[in-house]
Amino acid sequence: MKRTWMLGPIAAALALTAAGLVAQRQHGTGVIFAPSSTAKFTDVMPGASRYLIWGDTLRGPFGGFTKFTPGFDAGLHTHTNDVLLVVLRGAYLYRDDAGDKRVGPGDFIRIPGGHKHWSGGDAKEGALFYQETFGKFDLIPVK
């Protein structure tokens, strides 16, 4: 019985160690510094642009800055993987069945993979935010 009881914590420790090693392999162990003020953004769709800091958005995971123009509307959609973001400037507007959220500077939101939601940028300022995923990034429109 004691042996079975000990396997849970050991398995958890091994899983965390493996996750840490995968993260190090994918984005290295060195310091990463990326100022948003000088980042060169690339359009990903009309009204949204991104500056990739580390990783690969097509294969994942990745981290980078994203900008929404004022009034940007991403429509109702889902993502395959969780999306984590912290707003730096403006406001990321979010809506799901539970209601609306205005995610402002210094605020964090985690959107679970597969969760149906709408997002957009503040009508006057748009939004600038840092975003990460643990897998590839996609936007799957909901019809």
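Everything quoted here is computed from the prediction, not taken from an experiment.
Just one residue in the list F65, F137, Y92 forms a side-chain contact (heavy atoms from CB on, under 4.5 Å) with Q131, and that residue is F137.
Taking both residues in full, the closest heavy atoms of F68 and G121 are given as CD1-N, 3.7 Å, listed atom of the first, atom of the second, then distance. The shortest heavy-atom contact between P70 and E125 is CG-C, 4.0 Å. The minimum heavy-atom distance linking A127 with F129 is given by the pair CB-CD2, 4.1 Å. In this structure, G113 and D82 approach most closely via the heavy-atom pair N-OD1, 2.8 Å. Residues V142 and H77 share a closest heavy-atom pair of CG2-CA, 3.7 Å.
Note that OG1 of T80 is 10.0 Å distant from CG of L139, once rounded to the nearest 0.5 Å. Atom NZ in K67 sits 11.5 Å away from atom CG in L88 (nearest 0.5 Å). Taken to the nearest 0.5 Å, the CG atom of L93 stands 12.0 Å off from the NE2 atom of H117. L58 contributes atom CG, which lies 10.0 Å from atom CG of D138 (distance to the nearest 0.5 angstrom). In this structure, the separation between OH on Y130 and OG on S36 is 12.5 Å, given to the nearest 0.5 Å. Between atom CD1 of residue I53 and atom CD of residue E132 there is a gap of 8.5 Å, rounded to the nearest 0.5 Å.
Checked against side chain to side chain donor-acceptor pair (under 3.5 Å), R89 has no partners two or more places apart in sequence or in another chain.
Tracing side-chain contacts under 4.5 Å through hydrophobic residues (I, L, V, M, F, W, Y), one never reaches L128 starting from M45; they form parts of separate clusters. Hydrophobic clustering, with ILVMFWY side chains joined whenever heavy atoms are under 4.5 angstrom apart, keeps L76 apart from I111. V44 and F41 are assigned to two separate hydrophobic clusters, defined by single-linkage of ILVMFWY side chains at heavy-atom distances under 4.5 Å. No single ILVMFWY cluster, assembled from side-chain heavy atoms under 4.5 Å apart, contains both I140 and L85. When hydrophobic clusters are built by joining Ile, Leu, Val, Met, Phe, Trp and Tyr residues whose side-chain heavy atoms come closer than 4.5 Å, directly or via intermediates, V83 is grouped together with L52.
Side-chain atoms of N81 do not come within 3.5 Å of backbone N or O of F134 as any donor-acceptor pair.
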- Query: What's the verdict on side-chain contact (heavy atoms from CB on, under 4.5 Å) for F108 and V86, showing C-alpha distance, side-chain angles and the deciding distance?
  - Reply: CA-CA 4 Å; F108 168 84; V86 176; 3.8 Å; yes
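With salt bridges taken as basic N to acidic carboxylate O contacts below 4.0 Å, one links R102 and D122.
Heavy atoms from other residues, nucleotides or ligands lying under 6.0 Å from NZ of K101 number more than 12.
Between H79 and T133 the shortest side-chain heavy-atom distance does not fall below 4.5 Å.
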